[in-house]
Amino acid sequence: MDLIDLHTHTTASDGSLTPPELVDLAHEIGLKAMAVTDHDTLAGLDQALKRARDLGFELVPGVEISADFKPGSMHILGYLIDHKSPNLASRLATLQEARLTRNPKIAARLGKLGLGVSMAEVEAVAGGGQVGRPHFAKVMLDKGYVSSFEEAFDRFLAKGAPAYVDKFRLSPAKALALIREAGGLPVLAHPYTLKLDKPADLEDLLADLKRSGLAGLETYYSEHTPQMTKDYLALAQKFDLQPTGGSDFHGANKTHIKLGRGRGGLAVPYDLLIGLRQRKKLL
Ligand code: AMP
Ligand code: ZN
Ligand code: FE
Ligand code: FE
């Protein structure tokens, strides 16, 4: 079976590989296609697309936008976007500014907890790309404040934890519209992070998002159990959403996740990308 990975991060956001390095890795391990989906930025796409062209590798331009949602977090992936769209770029710039004001606040909260992490340290880990919480987690791990990446999130950085700082986000409807306006297909990422425990609540949300332009549902994901994948596939069918999947690879900033393989059992079939491309043609 031809395998793909439709959810990956580069140094343009909080991954550790540069866009060309990531494309090289995907090509080396034999993936048939990959999407680059950095958080709130298109900055890695030109370089990734260029390397993919040189290698004859199929690369899908993407993005991952954080939307405003409670109780958990909502991430919306955008696929097959026009990454030269000025409107998309300018709206994403606003989200990046929100990160710039947030990061020093996270550092200050960690400092108050006795865990000194300077902006220079996280910026060094970020290597020039935009800083996010995984960079804080990496520094905390390197300095021995925590013994795992997960511990850094669970005890300090996760929503509701003592060093968590909120940031401005687009509403779900605005994030969907923004991706649509850039010619892309919006897909709801890792649905379990929404923390909607009642199945009926997730169904209501999907119906609502579908009306606002949602095109797909991320069903295959590193942290999904086989049962979750099965349930999400059924929901995708019920709401006529294209199933998609990916590892959420971040390289050394999330070492337990392997490109294309997730925690080891992930296998995303190429057919899903064919389905996405068919939906794009119908636009
Ligand atoms: P940020 O963009 O700074 O909000 O950070 C988002 C990144 O943090 C994403 O790559 C997530 O995969 C990661 N992340 C968010 N929450 C957790 C968590 N509880 N455990 C591990 N990683 C997380
Ligand atoms: Zn990330
Ligand atoms: Fe995400
Ligand atoms: Fe992601």
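Counting starts at 1 for both ligands and their atoms, following the listed order.
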Check your understanding: Has His75 got an N, O or S atom lying less than 2.8 Å from the Fe ion (ligand 4)?
Key ->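 No N, O or S atom of His75 is closer than 2.8 Å to the Fe ion (ligand 4), so no.
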Check your understanding: Any N/O/S of His190 under 2.8 Å from the Fe ion (ligand 4)?
Key ->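 It does not; every qualifying atom lies at 2.8 Å or beyond.
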Got a salt bridge between [X] and [Y], using NZ or NE/NH1/NH2 to carboxylate O under 4.0 Å?
X: Arg277; Y: Glu58; answer: yes
X: Asp54; Y: Lys50; answer: yes
X: Arg169; Y: Asp40; answer: no

Any idea which atoms of ligand 1 are less than 4.0 Å away from a heavy-atom of [X]?
X: Gly132; answer: 3 (O)
X: Lys167; answer: 4 (O)
X: Asp14; answer: 7 (C), 10 (O)
X: Arg102; answer: 1 (P), 3 (O), 4 (O)
X: His250; answer: 10 (O)

Practice item. Fit a plane to each ring of His224 and Tyr192, take the angle between them on a 0 to 90° scale, and name the class: parallel (under 30°), tilted (30 to 60°) or perpendicular (over 60°). Key: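 His224 and Tyr192: perpendicular rings.
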Review point. In terms of ring plane angle, is the pair His75 and His190 parallel, tilted or perpendicular, where the classes change at 30° and 60°?
Key: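 Aromatic pair His75/His190 classed perpendicular.
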Review point. How many angstroms lie between CZ in Arg99 and CG in Asn103, if you round to the nearest 0.5 Å?
Key: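 Spacing of CZ (Arg99) from CG (Asn103) equals 7.5 Å.
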Practice item. Calculate, to the nearest 0.5 Å, the distance between atoms CG and CG belonging to Leu95 and Leu100 respectively. Key: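 Answer rounded to 0.5 Å: 11.5 Å.
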Kindly confirm or rule out an N or O of [X] lying under 3.5 angstrom from an N or O of ligand 1.
X: His39; result: yes
X: Arg133; result: yes
X: Arg99; result: yes

Check your understanding: For the Fe ion (ligand 4), what is the closest N, O or S atom on His9?
Key ->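 Of the nitrogen, oxygen and sulfur atoms in His9, the Fe ion (ligand 4) lies nearest to NE2.
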Check your understanding: Would you say Lys159 touches ligand 1, if touching means a heavy atom closer than 4.0 Å?
Key ->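 So Lys159 does not count as touching ligand 1.
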Point to revise | Shortest protein heavy-atom distance from atom 12 (O) of ligand 1, along with the residue and atom involved | key: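 Answer, as residue, atom name and distance: Lys254 NZ, 2.6 Å.
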Exercise for review: Examine distances only and state if a side-chain atom of Thr37 and a backbone atom of Val63 form a donor-acceptor pair shorter than 3.5 Å.
Suggested key: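 Not confirmed, Thr37 side chain does not pair with Val63 backbone.
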Exercise for review: Measure His75 to ligand 1 on non-hydrogen atoms and call it side chain, backbone, both or neither using the 4.0 Å cut-off.
Suggested key: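 Neither part.
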Point to revise | Closest candidate by heavy atom, reference atom 17 (C) of ligand 1, pool Tyr164, Phe149, Phe136, Phe153 | key: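 Minimum heavy-atom distance to atom 17 (C) of ligand 1 goes to Phe153.
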Review point. Side-chain donor-acceptor pair under 3.5 Å between Thr10 and Asp38, yes or no?
Key: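 The criterion, which ignores hydrogens and geometry beyond distance, is satisfied for Asp38 and Thr10.
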Check your understanding: Would you say the side-chain atoms of His7 and Asp248 include a donor-acceptor pair closer than 3.5 Å?
Key ->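 Per modelled atom types, His7 and Asp248 side chains form a pair under 3.5 Å.
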Point to revise | For the Fe ion (ligand 3), the closest N/O/S atom belonging to Glu64 | key: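 The Fe ion (ligand 3) is closest to the Glu64 atom OE2, counting only N, O or S.
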**Study point:** Angle, NE2 of His7 through the Fe ion (ligand 4) to OD1 of Asp248 - 10° precision
**Key:**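 If I round to 10°, I get 80°.
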Check your understanding: So with a 6.0 Å cut-off around NZ of Lys143, is the heavy-atom count from everything else above 12?
Key ->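 Enclosed: over 12 neighbouring heavy atoms sit under 6.0 Å from NZ of Lys143.
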